[in-house]
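Have a look at the structure below before the remarks.
What you see is a predicted model; the values in this text were computed from it and never measured. The figures here come from the full heavy-atom set of this structure, side chains too, leaving out hydrogens, waters and symmetry mates. Throughout, protein chains are lettered first and strands after them, A, B, ... in sequence-line order, and every chain is numbered starting at 1.
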There are 2 protein chains.
Amino acid sequence: MELRQLRYFVAVAEERNFGLAAQKLNVSQPPITRQIKKLEDEMSVVLFKRTSKGSELTSAGQAFLEDARKILNQVKIGVERGQAAQRGEIGTLEIGYFGTPSYLLLPKILKLFKGENPGLELYLHRLSKKEQMDALKTGQIHIGFGRYYNQEHDLCVEHIFNEGMALCLPADFSMEIDNSNWHSVFSQIPLILFPASGRPNFADEILAILKREGVDPEVANVSEDIRAGLMQVAIGTGAMIVPNSVTEMRWFGVRFVKLAALSDDCPISIIYRKSDTSPHLRKLIHSIQHFQESSAKIEI
Amino acid sequence: MELRQLRYFVAVAEERNFGLAAQKLNVSQPPITRQIKKLEDEMSVVLFKRTSKGSELTSAGQAFLEDARKILNQVKIGVERGQAAQRGEIGTLEIGYFGTPSYLLLPKILKLFKGENPGLELYLHRLSKKEQMDALKTGQIHIGFGRYYNQEHDLCVEHIFNEGMALCLPADFSMEIDNSNWHSVFSQIPLILFPASGRPNFADEILAILKREGVDPEVANVSEDIRAGLMQVAIGTGAMIVPNSVTEMRWFGVRFVKLAALSDDCPISIIYRKSDTSPHLRKLIHSIQHFQESSAKIEI
DNA sequence: CCATGTGGATACCGAATACGTATTAATAGC
DNA sequence: GCTATTAATACGTATTCGGTATCCACATGG
């Protein structure tokens, strides 16, 4: 069966006349006869009752007419949807995220992006760095948000933001902190690191920074994730250094002190396939870059 | 666009490889290339991203794939529906009805028929005889139920049932009636006829019967329809002779006396187009004939 | 660096299919 | 019976399709 036959069929059904249908379709009458016949043969269904003054649909023809119209309409819709998708107006974006960027930055970026592209559906997947990279390779996600990605073939890691850091202390830790004496807290309280896995990671970064600053803290605990770490802080196990976005939220039993000295040390990256030419992904990346510029001086 | 192109497109999308898709479709690889290219040109959409190790869908291709699958599936559904309709298993029947046959006979017949043909949808239209005939000619209905149709070109009137008749008297009309003395009521109470229009009609039939029986009643009223007539009876204006099926229902203020002498005088007919070869109609007519035989002795 | 392999595109040819013109067949109305 | 209308058929031509062979691009491995 071919669409040509359906087009002819619908035309004849509408005109109830082979010749008039042929005129409407700008062909001669015999092709109509032949294509309809072919369609009937292939379906093993008689679609028209031919009479001397026209042709009318059989009940089978009436039933099939609905489907034929549906099919032709679906073709039109499909073409339009394909074109809209090509222009990047509709479609889906699968987004992987992990860790603290999802606390503030990702919602901000995606809210902006969604507003600019209402036809796009965004799906979010909480995936570890490793899972993100696998999902990228199999095409399950288009982009990942996180930190400290390893380089890999065909995957492009783009550093999109430098976040500041904050000291996170037990609420009842009374010492006054300023940007000159923040190192000294670690002589009084041990350090809690996170996360425990997926190296290189934020924990390595913190240790590197402290080493650079000449601090050699006692490590009380390496927590699985930031929530576990914050709970350790809350119960007084130690202190943490966290990305600023964490301070935007309310956490029981902890207080934050933003560190001007570390206002630019916490990288946030995106990762995507170099070979992915999807306009949706490109739009999102472009939107992220725009966001970067417009909020370069905004405290995160 | 042709369905061939959609079939090729779906195959390539599934295999993510032109050559493998060709194998699956039992054709060589070049035709795939050409048809896909044609499809892309016609849609002005790039459907695949060709790489050195296969081809993958663009986002536009992904969007269109859904539609292409829908279309091909709809084709399959359409063929099946067409075949089922040809076998008379599915479809619609538009039925015109008028007057008293709809009180009992029509529901009985249609209940039976619907039970035998659950896939058929039955639509009922209350139409006068004239309206039924017009609707038959324009194809709006397939069959009409009623009485006293006029013959007309291409319309076939089939007499399917002879109903008995009953005398309908005011509830407080105390005279004892039996089948020997029923004529005599019209010397005590006038006759009410119905309907007023659409001749020849039931009123003409009643007058003919009474004339045959040698009765010359006073006609008190010619009511538009049976309900109006029954109300006249209830308020005591006169008496009626009605088809037996009317007696099956409860009517305020009237009583019925079935007349054995007129147990076969009230014809019920169907009307349909001679040239209508729809299997649904044929099935219904067949079902009616069957109903006729099986209930030949059943009191209606 | 070249050899090799894979996947898709192109060129060309023969076959299948579609269309157009002319004609025929069937039927209804006069 | 004649005519008009409508669908079907016959046949020649044009288009389209698919097959074979080949080419091109690119990645991989020595």
Rounded to the nearest Å, what distance is computed from the CD atom of residue B/Glu15 to the C1' atom of nucleotide C/dT6? 16 Å

Do B/Arg34 and D/dG19 have a side chain to base donor-acceptor pair shorter than 3.5 Å? yes

Give the rounded distance in Å between these two atoms: NZ of A/Lys37 and C1' of D/dT6. 16 Å

For B/Phe18 and B/Phe48, take the angle between the two ring planes, folded into 0 to 90°, and tell me which bin it lands in: parallel under 30, tilted 30 to 60, perpendicular over 60. perpendicular

Between D/dA7 atom P and A/Leu39 atom CG, what is the distance in whole Å? 16 Å

Between C/dA9 and B/Arg50, is there an OP1 or OP2 to side-chain N/O distance shorter than 4.0 Å? yes

Using only heavy-atom distances, determine whether the side chains of B/Glu2 and B/Gln35 contain a donor-acceptor pair under 3.5 Å. no

To the nearest angstrom, how far is B/Gln29 atom CD from C/dT6 atom P? 14 Å

What nucleotide, of C/dG20, D/dG19, C/dT10, holds the atom closest to the side chain of B/Val27? D/dG19

Provide, to the nearest angstrom, the distance between the CZ atom belonging to A/Arg4 and the C1' atom belonging to C/dA16. 13 Å

Taking the minimum atom-to-atom distance to the side chain of A/Phe18, which one of D/dG18, D/dA8, C/dT21 wins? D/dA8

Can you check whether A/Ser52 has a side-chain N or O nearer than 4.0 Å to OP1 or OP2 of C/dA26? no

Quick one: sort the A/Phe202 and A/Tyr148 rings into parallel, tilted or perpendicular, breaks at 30° and 60°. tilted

Test side chain to side chain donor-acceptor pair (under 3.5 Å), reference A/Tyr272, set A/His142, A/Glu158, A/Gln132, output is A/Glu158

Output, in order, the C-alpha distance, side-chain angles, deciding distance and verdict of side chain to side chain contact (heavy atoms under 4.5 Å, CB included) for A/Gln74 and B/Gln74. CA-CA 9 Å; A/Gln74 192 66 46; B/Gln74 192 67 45; over 6 Å; no

Rounded to whole Å, CD of B/Gln23 lies from P of C/dG8 at a distance of 12 Å

DNA chain D: 5'-proximal contact among B/Lys38 and A/Thr51 (nearest heavy atom): A/Thr51

Without decimals, in angstroms, what is the distance between B/Ile36 CD1 and C/dA9 P? 9 Å

Taking only side-chain N and O atoms of A/Ser55, does any of them lie within less than 4.0 angstrom of OP1 or OP2 on D/dA7? yes

Nearest to side-chain heavy atoms of B/Pro30, which nucleotide of C/dT10, D/dG19, C/dG29: C/dT10

State whether B/Tyr8 places a side-chain N or O below 4.0 Å from either non-bridging phosphate oxygen (OP1 or OP2) of D/dC17. no

Measure the distance from CG on A/Leu3 to P on C/dT17 and round it to the nearest whole Å. 18 Å

